[in-house]
2 protein chains.
Amino acid sequence: MTLINAAGGEKGRGVKGRGVKGGGVKRGGERRGRPPATTPRELELIALRLFAEKGFDATTVEELAAAANVTSRTFFRKFTTKADVLWQGFDDEVAELREALASVSEDIDWFPAIRQAILSVNHYTAADLPELRTRMHLISTVPALQASAALRYDAWERTISDFVAHRTGLETNEMLPLVVGRTTLAACRGAYDVWSAQTVGELATYLEQALDLIESGFAELTG
Amino acid sequence: MTLINAAGGEKGRGVKGRGVKGGGVKRGGERRGRPPATTPRELELIALRLFAEKGFDATTVEELAAAANVTSRTFFRKFTTKADVLWQGFDDEVAELREALASVSEDIDWFPAIRQAILSVNHYTAADLPELRTRMHLISTVPALQASAALRYDAWERTISDFVAHRTGLETNEMLPLVVGRTTLAACRGAYDVWSAQTVGELATYLEQALDLIESGFAELTG
DNA sequence: TTGATTAATGTCACATTGTGACGATATTGT
DNA sequence: ACAATATCGTCACAATGTGACATTAATCAA
């Protein structure tokens, strides 16, 4: 789990979006309609570059789209807002986390289960680091992006809260599930921040450290 | 600390009227220039009413301003964004928290000090409850407001992180201060959520409960 | 009363974000 | 060639937010 999605390769034009109507007959090589002129991923990379060069606010969507040879209207068909372009795939990660939590053995206590799920979903490569850092820097310095982060984090927190609620028999919006969901995210974000500022070290190590911290009531590292 | 400011006194510059607009003592030699046509507080109350009635997005700033007999330009002179109108005074609360932390005896350990500071800054009256709930509901349901919350919370978190850094000799953006700042906010928000959903109970009680939770590594209430 | 000073407002023009409607274009299937 | 379909582009538009400049309403000094 990177919290700030590393996004894989995906340069090809994947087949997606099965229509609502017409049922789901799958046949080989059927790809109807005009092909997309660009991919969300390409727009993301362009955005990353332009935002880093000129700044988020100084980069208009029109410029961004033009760099991908599309119009701004096309951009807004793929992304609801300008900020959304940097949050590609985050929803997928949340879904991954939810699945990971669901597949942890019931024998394992709920907090260790959360720890295990978070660590299992955490996959990234060293090659992703520069991009991650660029995104990270933007998200932590541009107000509009910080704001957009809140919406994504909410979904992540709720995933944890739902799991805790399920395991403890409480409601999602009772004190314990709420607090655990939010503090767990808080810890992971802290780990992520520290890790991404370093030049070495495994994210997983920092995550464990942060989770130890909250599990022990900040007993660790308190020297 | 309410996290979602209850908007206390007027803080008007010398104007001490009881109304929202401030009463009219017209004599007395102070304050030059054209007097404000409205107050931030009045705009906030109007916004609260209109947002609740019509929804945040469906309410234009122009309507909002018109209800206070000013133009939208005046609104945007008092508030940077449309969402800001609901965050009156939050910055003041953060400042209060910072002062409270600074004035806690050095003999008290840093986590108890945080607890004490948070509780000491927490002041609200039963009369504020309806307004707090309306604001709360808006902030937790309208994406634009959720997003704006992130920016406010950041300042709050940093206040805690700075204090922990100061007390431990670490840097603000090292793991422990970061995680403590964020988890403390997470806990207080959880307490606030639960409290504002109830019809009875003291916020302070919930705050203590939530802080116990993180201090003990979720040992409390884990039955 | 008159005029200078001051602070806030109003007006106007404008860039940008984001959306709805509709027609144009490119690809696959018959 | 022709139909079906998915995406694109163009256009019109509402709303947020900002900069520049004029206007208004108050105090202070004469």
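Every chain is numbered from 1, with letters handed out A, B, ... down the list of sequences. Note that this is a predicted model, so its numbers are computed, not measured.
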Check: Between A:Pro177 and A:Val164, which heavy-atom pair has the shortest distance, and what is it?
Finding: CA-CG1, 3.9 Å

Note to self: For B:Val194 versus A:Met175, what's the shortest heavy-atom pair and its separation?
What the structure shows: CG2-N, 3.6 Å

Checklist line | Heavy-atom side-chain proximity of B:Phe75 to B:Glu62 below 4.5 angstrom | finding: no

Next item on the list: Check whether any side-chain nitrogen or oxygen of B:Lys78 sits under 4.0 Å from OP1 or OP2 of C:dT9, and answer yes or no.
Entry: yes

Margin query: On DNA chain D, compare the nucleotides closest to B:Asp57 and B:Pro35; which residue's is nearer the 5' end?
Written below: B:Asp57

Note to self: Taking any heavy-atom pair under 4.0 Å as a contact, classify A:Asn69: base, sugar-phosphate, or nothing.
What the structure shows: sugar-phosphate

Check: Does a nitrogen or oxygen in the side chain of B:Thr74 sit under 4.0 Å from OP1 or OP2 of C:dG10?
Finding: yes

Notebook entry, point to check: Could you state the CD-C1' distance from B:Glu62 to C:dC12, rounded to the nearest angstrom?
Noted result: 13 Å

Item checked: From D:dA25, C:dA8, C:dT27, nucleotide with atom closest to B:Pro36 side chain -> C:dA8

Margin query: If we ignore hydrogens and angles and just use 3.5 Å, is the side chain of B:Gln198 paired with the main-chain N or O of B:Trp195 as donor and acceptor?
Written below: no

Next item on the list: Please report, rounded to the nearest Å, how far the P atom of D:dT18 is from the NZ atom of B:Lys82.
Entry: 15 Å

Notebook entry, point to check: What is the per-nucleotide protein-contact pattern of nucleotides 19-24 of chain C, from the 5' end, where B denotes a base atom under 4.0 Å from a protein heavy atom, S denotes such proximity for sugar-phosphate atoms only, and - denotes neither?
Noted result: BBB---

Check: Can you check the A:Glu63 CD to C:dA15 C1' distance for me, whole Å?
Finding: 12 Å

Notebook entry, point to check: Side chains of A:His123 and A:Glu96: do they bring a donor and an acceptor to under 3.5 Å?
Noted result: yes

Notebook entry, point to check: Considering only D:dG17, C:dT6, C:dT9, which nucleotide approaches the side chain of B:Arg32 most closely?
Noted result: C:dT6

Checklist line | Below 4.0 Å: OP1/OP2 of C:dG10 and any side-chain N or O of B:Thr71 | finding: yes

Check: Which residue, A:Gly33 or A:Val61, contacts DNA chain C at a nucleotide closer to its 5' end, judged by nearest heavy atom?
Finding: A:Val61

Item checked: is_close_aromatic(A:Tyr153, A:Trp156), centroid dist under 6.0 Å -> no

Checklist line | B:Asp162/B:Arg167 salt bridge by N-O under 4.0 Å criterion | finding: no

